[in-house]
J.: 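The following block contains the structure, expressed as structure tokens.
Sequence lines set the chain letters: A, B, ... in the order given, protein chains first and strands last, and positions in each chain run from 1. All values below were derived from every heavy atom in this structure, side-chain atoms included, with hydrogens, water molecules and symmetry-related copies excluded. As the structure is a prediction and not an experimental result, all values here were calculated from the model.
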Amino acid sequence: MNNTLPLKGIRVVNFGWVWAGPVVGQTLGFLGAEVFKIESRARVDMTRNLPPFAEGKASPDRSLSNHACWAGNGSVSLNLKEPEALQLAKELIAKSDVVVENFGPGVMERLGLGYEALREVKDDIILFSMPGAGLYGPMKDLRTYGLSLTSTTGLDSLVGYKGGDPIPVENAFSDPYAGILGAFAVLAALNHRRNTGFGQHIDFSQQEAVMQMVGPAYMDYALNGRSGGPKSNEHPLAAMAPHGVFRCKGDDRWISIVVGSDDEWHKLLAALNHPEWFTVSEFATREQRLAHIDTLHALIGEWTAQFDDRELAALLQSRGVAATPVLNVGDLLDDPHYQSRKTFIQVEHPLGFKETIYGSYVKLSRSEVDVRPGPMIGQNNDYVFRELLGLSEERYRQLIERQVIY
Amino acid sequence: MKSPGSDAPAKGALSGIKVLDFGQMVSAPYCAKLFSDYGADVIKVELPAGDAARDVGPFPGDVAHREKSGLYFINNTNKRGVTCDVTSPAGRSLFLRLLAWADVLIENNPPGQMAAWQLDYASIQAVNPKLVMISITPFGQSGPYSAWHGYDLNAYHLTGASSRYCGRPGEMPLEHGTFSADYFGAISAATWGMAAVYGRELVGGGQHVDVSCAEAIAAAFIGGQNIGGYAQDGRFDKRTGVGMPQGAPATILPCKDGHVWMLALEPGQWNGLRKVMGNPDWADLEIFQNMKTRAENADVIYSFIVEWTMQHTKMEIQEKCQAVGCPITAVYTVAEAAEQAHLKARGYFVDMEHPELGRIRNLGGPFKLPASPGGPVRPAPLLGQHNEEVYGEVLGLSVGEIEVLRSQGVV
């Protein structure tokens, strides 16, 4: 292991807000890039005001979820309504490699920060735009929230109990998904710049990025004209059975069990205490198990209900059957696997409190990722304005007084 | 000023990067597809039995055929395909020669399996120290569950995501009806792996990129929003079955021809919705003028709104509500999304000719790079389709040598 991260030397200016845009910055930041979120006290990002707050004290610099989701970003505070602030943003961009934004189409142009304007200050700049439905097209201005964006991809139509109505996913899976994949798009453009010397303006439609997850169900439409619907936790392509989540002993405790082959079926049989009903011929082959899946799942559920979820998962794993306890949020922190992998880490915030955020969720064998909590508003102002942009002490102080740097 | 338009015919952004895809099903193949669709030279290496996705479908007419799997088709575009039986000494040595050629190896085999084949990172690093090895597994290369057997579903339910965010209270927690854990692991792996490739000179060589699909979701989705509060206050929430329990309306509701994602939280959005609904008297009630008090009376307000939505189609509702600034959308079925005019206008669908499947409309790339176009162009390879080309041109084997390997069952 060493302290060199692969994106050291890359500088990113991040206009991203809420969740998806900041995650692009976070991903590049974890990997070594120097990332500055541009934000302002004139319009505080709503995620900075989301409770719970550190030590229960409400403040835009104390939101615990914000600190986790924005970790990896630095912060520079500029009130972009002020022409001088806009000029300073451009001076920073002139010394940067990548600009990230997740506004609607046209907003960057209206701010005076469109791709052509940015090229005037940095010819090979990479502008990464990630509007909900892309930069052009008849629905480009469609308003969505992160958690409902998936409704336009077909994905939401697949979520729910078998045969029932769609059930909403209660948070935006698409935000971290698009944020992390967005960083891949930036890396591709950086590679292109290395190959050719040219930057570009990336059109990253969150809708299209997330719709890739619908691919397997989409193929059933492309090949057979079928449009799927909710089917609980059954296999997305009806290729395995059993394949589900089953009730265990206790309040809201569950286990996931998947049998991927006849061999694994026999291993599950061997783990059962009362296997009479499993030996009936209607479950002997994969095709038969799929054909009688409701009966099969009901019988397995009767059996699993007698067991503790973790004990049963360990038992089934010892017999070679794929099974995991269904964890809730309260289980994660003490789970031995996540503890062993340092998935969640306690960090010291510059304001003097300790908090728990997620750490490097991917492990690199050579590069050590140093994760720090998301920034206070303007945390990197001194460094950026004094050192990087070389403002005089007096001008810096004036700009703060006049709330240009704010 | 230089103009990208004056450049020679644009190459893919990742041109020059050589990748081996030694994966099956979804996670590693989709990760490798992100490389191949944006210009990397990706060789898919299959055991003689082939990627398990070939047995999964969907198949045209539900008739199983190893060259007609929809899952294989969609996640293996722009790749060349070879077979190699790494379980034999000759096959393993052939695989090592491919590794010496490659910049990146992407795989999703169980850690114990790679070790049994003597293809663990230590063995591979000895062959090619500059190689970036990307391993994507349900639980990762280390930790007490690393030896566990698991599929996408098992990984997803280990993350807290289903318990927290999907399903009715007390009822079965749900995944999303697709391979959510595999896809999340795949995009995490592609990004971190690509960074490792990009910075390879800077950090002094290749490295092992260890991705656990479960861990990525537990961290970046669930951990980000929940773990700080739980660690500090010891409290946590669970699924409610409603889109957003603390504000209303914010959930999926039925309408005349399907469902809509009903969302009107801010005052302007709520007033817009009232107007579209024809300013019904009930909507004037004081308790309905604030998203929180609306949420406290969710059953009442949802029953009123459903009376209206059931009179209208999902597209009518989307268009009228969007026009007044409400972020309300239709819940598109897969068929409706596949025929969406917006996606068609953006060229999101790509027609491809496949030797066994015929002409098939595929999904395009997940993002657009104007200066270095991406997306699928060539269909997924048939099993061993490029054996001669790859083993001949890339490794320099003679026709006779390849024939010997074939007779030994290595390829």
J.: Look at the rings of A/His337 and B/Tyr145 and say which category their plane angle falls in: under 30° parallel, 30 to 60° tilted, over 60° perpendicular.
T.: parallel
J.: So for A/Asn195, is it side chain, backbone, both, or neither that comes closer than 4.5 Å to the heavy atoms of chain B?
T.: side chain
J.: Rounded to the nearest 0.5 Å, what's the gap from CG on B/Leu71 to CE on A/Met219? Could you check?
T.: 9.0 Å
J.: If you count heavy-atom pairs under 4.5 Å between each of A/Thr150, A/Thr153, A/Leu64, A/Val329 and chain B, which one has the most?
T.: A/Val329
J.: Which region of B/His176, side chain (C-beta onward) or backbone (N, CA, C, O), has a non-hydrogen atom less than 4.5 Å from a non-hydrogen atom of chain A, or is it both or neither?
T.: both
J.: Tell me every residue that passes side-chain contact (heavy atoms from CB on, under 4.5 Å) with B/Ala219, counting only those two or more places apart in sequence or in another chain.
T.: A/Thr343, A/Tyr358, A/Tyr361
J.: What part of B/Leu34 is in contact with chain A, defined as an atom under 4.5 angstrom from a non-hydrogen atom: side chain, backbone, both or neither?
T.: both
J.: Please determine whether side-chain contact (heavy atoms from CB on, under 4.5 Å) holds for the pair A/Gln207 and B/His342, giving the CA-CA distance in whole Å, both sets of side-chain angles, and the decisive distance to 0.1 Å.
T.: CA-CA 11 Å; A/Gln207 177 194 24; B/His342 173 72; 3.4 Å; yes
J.: Out of curiosity, B/Trp261 CH2 to A/Leu147 CG, how far, rounded to the nearest 0.5 Å?
T.: 3.5 Å
J.: Relative to chain A, which segment of B/Glu175 carries a heavy atom at a distance below 4.5 Å: side chain, backbone, both, or neither?
T.: both
J.: So with a 6.0 Å cut-off around CZ of A/Arg226, is the heavy-atom count from everything else above 12?
T.: yes
J.: Heavy-atom cut-off 4.5 Å, strictly under: side chain, backbone, both or neither for A/Val186 against chain B?
T.: neither
J.: Can you tell me which portion of A/His67 sits under 4.5 Å from chain B's heavy atoms? Options are side chain, backbone, both or neither.
T.: neither
J.: Side chain from CB out, backbone as N, CA, C, O: work out which of these in B/Leu158 comes under 4.5 Å of a heavy atom of chain A, or both, or neither.
T.: both
J.: Report which part of B/Phe59 has an atom under 4.5 Å of a heavy atom belonging to chain A: side chain, backbone, both, or neither.
T.: backbone
J.: Which region of B/Ala52, side chain (C-beta onward) or backbone (N, CA, C, O), has a non-hydrogen atom less than 4.5 Å from a non-hydrogen atom of chain A, or is it both or neither?
T.: neither
J.: Does any heavy atom of chain A fall under 4.5 Å from the side chain of B/Met244, the backbone, both, or neither of them?
T.: side chain
J.: Checking heavy atoms, do the side chain of B/Glu215, its backbone, both or neither come under 4.5 Å from chain A?
T.: both
J.: Using the side-chain contact (heavy atoms from CB on, under 4.5 Å) rule, take A/Met139 and B/Gln318 through it: C-alpha gap first, then chi angles, then the decisive distance, then the call.
T.: CA-CA 11 Å; A/Met139 290 195 338; B/Gln318 173 172 308; 3.6 Å; yes
J.: Using non-hydrogen atoms only, which part of B/Val26 is less than 4.5 Å away from chain A: side chain, backbone, both, or neither?
T.: neither
J.: Which word best sums up how the rings of B/Tyr38 and A/Phe184 line up, parallel for under 30°, tilted for 30 to 60°, or perpendicular for over 60°?
T.: perpendicular
J.: Which one of A/Ala68, A/Pro51, A/Ser148 has the most heavy-atom pairs closer than 4.5 Å to chain B?
T.: A/Ser148
J.: Can you tell me which portion of A/Met211 sits under 4.5 Å from chain B's heavy atoms? Options are side chain, backbone, both or neither.
T.: both
J.: Which residue pairs pass the salt bridge (charged side-chain N to carboxylate O under 4.0 Å, His left out) test when at least one of the two sits in residues 217-237 of chain B, sequence neighbours left out?
T.: B/Arg164-B/Asp237
J.: Pick one of side chain, backbone, both or neither for B/Leu263, based on which atoms fall under 4.5 Å of a heavy atom in chain A.
T.: side chain
J.: Would you confirm whether the ring centroid of A/Phe173 sits within less than 6.0 angstrom of the ring centroid of B/Phe184?
T.: yes
J.: Quick check for you: to the nearest 0.5 Å, what is the distance between B/Tyr348 atom OH and A/Gln212 atom CD?
T.: 4.0 Å
J.: Please look at B/Arg168 and chain A and tell me whether the side chain, the backbone, both or neither of the residue comes under 4.5 angstrom of a heavy atom of that chain.
T.: both
J.: Where on B/Ser142 is there a heavy atom nearer than 4.5 Å to chain A: the side chain, the backbone, both, or neither?
T.: both
J.: So, taking the atom named CD in B/Gln232 and the one named CD in A/Glu55, what distance separates them when rounded to the nearest 0.5 Å?
T.: 7.0 Å
J.: Is it the side chain or the backbone of B/Ile360 that comes within 4.5 Å of chain A heavy atoms, both, or neither?
T.: side chain
J.: Of the backbone (N, CA, C, O) and the side chain (C-beta and beyond), which part of B/Ala195 lies under 4.5 Å from a heavy atom of chain A, both, or neither?
T.: both
J.: If I measure from the heavy atoms of chain B, does A/Lys8 come under 4.5 Å with its side chain, its backbone, both, or neither?
T.: both
